[in-house]
Novice: 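After the structure tokens below, expect a handful of questions from me.
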Amino acid sequence: MPRLRFSTPDAEIIVTTTDNPTTQDLLAQLPLTLTFEDFAGKEKISTLPERLTTQGSQGSATRDGALIYYVPWGNIGFVYRADGKHDDDVITLGSIESGMDQMELLEQNPVHVDLHNP
């Protein structure tokens, strides 16, 4: 599966994507520049310019290091304090391969999202 790079001047997070229609729709929107913020001390979230398709994608349990799409709000997020509960409104887009320790830095600058080693 393709890998995504979330980068700022101070951080780089590499994500291995999951094969589902929602992820494919996100890949079709690249490149993106997003702004992230903390949500509930559990996730770093960002609103996408366009909602992603969810048809054919299944909900999932949250887990640390997951890149998710939250269907009701139409946003993506990095989970860092997961509750592990299954939620039909949470679609996993991928998992952090490297840079989990740099997640705090995402809030400091705009984040450029593109394919890593296309």
Side-chain angles (χ1 to χ4, degrees):
M1 284 304 302
R3 295 160 66 212
L4 297 175
R5 176 178 44 215
F6 291 76
S7 59
T8 72
D10 303 316
E12 181 177 82
I13 297 175
I14 304 300
V15 173
T16 302
T17 60
T18 303
D19 187 13
N20 63 47
T22 307
T23 301
Q24 293 300 321
D25 202 19
L26 175 63
L27 294 173
Q29 290 188 22
L30 299 178
L32 292 169
T33 300
L34 303 173
T35 302
F36 280 82
E37 62 182 300
D38 192 72
F39 177 72
K42 296 180 180 187
E43 302 170 18
K44 301 293 183 192
I45 63 171
S46 181
T47 302
L48 295 170
E50 296 179 33
R51 286 186 161 280
L52 302 178
T53 186
T54 58
Q55 188 172 7
S57 295
Q58 298 180 349
S60 60
T62 58
R63 66 186 193 295
D64 289 352
L67 175 65
I68 62 165
Y69 180 67
Y70 186 60
V71 177
W73 294 352
N75 66 3
I76 62 170
F78 285 106
V79 179
Y80 64 88
R81 192 168 288 131
D83 61 16
K85 296 178 184 174
H86 181 87
D87 188 334
D88 287 336
D89 288 331
V90 173
I91 297 172
T92 299
L93 302 174
S95 299
I96 294 177
E97 179 181 309
S98 65
M100 179 104 173
D101 59 330
Q102 299 174 34
M103 207 178 309
E104 284 293 322
L105 301 173
L106 293 181
E107 293 178 71
Q108 298 174 6
N109 291 293
V111 178
H112 185 70
V113 185
D114 60 4
L115 286 175
H116 183 62
N117 297 328

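Remember, predicted model here, so these are calculated numbers, not experimental data.
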Novice: Is the backbone of Val90 close enough, under 3.5 Å, to the side chain of Ser60 for a donor and an acceptor to pair up by distance?
Specialist: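 A pair under 3.5 Å: yes.
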Novice: Which heavy atom in Thr54 sits nearest to a heavy atom in Tyr69, and how many Å separate them?
Specialist: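 Nearest heavy atoms, Thr54 then Tyr69: CG2-CE2, 3.8 Å.
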Novice: Whether the side chain of Asp38 engages the backbone of Lys44 through a donor-acceptor N/O pair (distance < 3.5 Å, no angle test) should be reported.
Specialist: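 It does not hold such a pair.
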Novice: Should the pair Arg3-Glu97 be classified as a salt bridge under the 4.0 Å nitrogen-to-oxygen rule?
Specialist: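 Salt bridge present between Arg3 and Glu97.
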Novice: Does atom CD (Gln58) have a neighbourhood of more than 12 heavy atoms from anything else shown, all under 6.0 Å?
Specialist: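 Result for CD/Gln58: open.
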Novice: Working to the nearest 0.5 angstrom, can you tell me the gap between Tyr80 OH and Phe39 CZ?
Specialist: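 Output value for this atom pair is 10.5 Å.
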Novice: Any donor-acceptor pair under 3.5 Å linking the side-chain atoms of Glu12 with those of Ser7?
Specialist: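 No.
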Novice: First locate atom CG of Leu93, then atom OG1 of Thr18, and finally report the distance between them rounded to the nearest 0.5 Å.
Specialist: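 The OG1 atom of Thr18 is 7.0 Å from CG of Leu93, to the nearest 0.5 Å.
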Novice: Answer yes or no: is there a donor N or O on one side and an acceptor on the other, between the side chain of Thr8 and the main chain of Asp10, under 3.5 Å?
Specialist: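 It does hold such a pair.
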Novice: Does Ile76 share a hydrophobic cluster with Leu32, counting links as ILVMFWY side-chain heavy atoms below 4.5 Å and allowing steps through other members?
Specialist: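 Same hydrophobic cluster.
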Novice: Would you check, one step at a time, whether the test side-chain contact (heavy atoms from CB on, under 4.5 Å) holds for Thr92 with Arg63?
Specialist: CA-CA 9 Å; Thr92 299; Arg63 66 186 193 295; 3.6 Å; yes
Novice: Is there a donor-acceptor contact under 3.5 Å from the side chain of Thr22 to the main chain of Ser57?
Specialist: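 Checking the backbone N and O of Ser57 against the side chain of Thr22, no donor-acceptor pair under 3.5 Å is found.
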Novice: Flag yes if Met1 and Leu30 sit in one hydrophobic cluster, no otherwise; membership is Ile, Leu, Val, Met, Phe, Trp, Tyr, and two members link when side-chain heavy atoms are under 4.5 Å apart.
Specialist: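 Cluster IDs for Met1 and Leu30 differ.
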Novice: Of all heavy-atom pairs between Leu34 and Ser46, which one has the smallest distance, and what is that distance?
Specialist: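 Heavy atoms of Leu34 and Ser46 come nearest at CB-OG, 3.2 Å.
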Novice: Is a side-chain donor-acceptor pair under 3.5 Å present for Thr47 with Asn75?
Specialist: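 No, Thr47 and Asn75 have no side-chain donor paired with an acceptor closer than 3.5 Å.
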Novice: Testing Asp114, Leu26, Ile14 one by one against Leu4 for a side-chain contact (heavy atoms from CB on, under 4.5 Å), which residue passes?
Specialist: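 Single pass found, and it is Leu26.
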Novice: Just verifying a value: how many Å separate Asp89 CG and Ile91 CD1, rounded to the nearest 0.5 Å?
Specialist: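 If we round to the nearest 0.5 Å, Asp89:CG and Ile91:CD1 are 8.5 Å apart.
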Novice: Quick check: closest heavy atoms across Val111 and Leu106, and the distance to 0.1 Å?
Specialist: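 That closest heavy-atom pairing would be CG2-O, 3.5 Å.
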Novice: Which heavy atom in Thr23 sits nearest to a heavy atom in Asn20, and how many Å separate them?
Specialist: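 So the minimum-distance heavy-atom pair works out to N-OD1, 2.7 Å.
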Novice: The test is side-chain contact (heavy atoms from CB on, under 4.5 Å); show your working for Met103 and Ile96 and say whether it passes.
Specialist: CA-CA 10 Å; Met103 207 178 309; Ile96 294 177; 3.7 Å; yes
Novice: Sub-3.5 Å donor-acceptor pair from the side chain of Arg5 to the main-chain atoms of Val15, do we have one?
Specialist: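 No; zero donor-acceptor contacts below 3.5 Å.
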Novice: Transitively linked via ILVMFWY side-chain contacts under 4.5 Å: Leu67 with Leu48?
Specialist: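 Yes, Leu67 connects to Leu48 through the hydrophobic network.
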Novice: For residues Leu52 and Ile45: do they belong to one hydrophobic cluster (side chain heavy atoms under 4.5 Å, members Ile, Leu, Val, Met, Phe, Trp, Tyr)?
Specialist: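 Unlinked, Leu52 and Ile45 end up in two clusters.
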Novice: Closest heavy-atom contact between Pro31 and His112?
Specialist: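 Heavy-atom minimum between the residues: CB-CE1, 3.8 Å.
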Novice: Quick one: do Leu115 and Ile13 end up in the same hydrophobic cluster if we chain Ile, Leu, Val, Met, Phe, Trp and Tyr together by side-chain heavy atoms under 4.5 Å apart?
Specialist: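 Linked, Leu115 and Ile13 end up in one cluster.
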Novice: What distance do Phe78 atom CZ and Phe6 atom CZ have between them, rounded to the nearest 0.5 Å?
Specialist: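 Rounded to the nearest 0.5 Å, the CZ-CZ separation comes out at 4.0 Å.
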Novice: Quick check: does any side chain N or O of Thr35 sit under 3.5 Å from a backbone N or O of Pro110, one acting as donor and the other as acceptor?
Specialist: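 No: the side chain of Thr35 does not pair with the backbone of Pro110.
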Novice: Taking only Lys NZ, Arg NE, NH1 and NH2, and the carboxylate oxygens of Asp or Glu, determine whether Arg81 and Asp64 approach each other closer than 4.0 Å.
Specialist: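 Salt bridge flag = no for Asp64 with Arg81.
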Novice: Is the backbone N or O of Pro9 less than 3.5 Å from a side-chain atom of Asn109, with the two atoms forming a donor-acceptor pair by type?
Specialist: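 Not at all, since once roles are kept as given, no pair shorter than 3.5 Å links the two residues.
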Novice: Please report the shortest heavy-atom distance between Val79 and Met100, naming the atom on each side.
Specialist: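 What the structure gives for the nearest pair is O-CE, 4.0 Å.
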Novice: Answer whether the closest heavy-atom distance between the side chains of Thr53 and Gln24 falls below 4.5 Å.
Specialist: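 No. Closest side-chain heavy atoms not under 4.5 Å.
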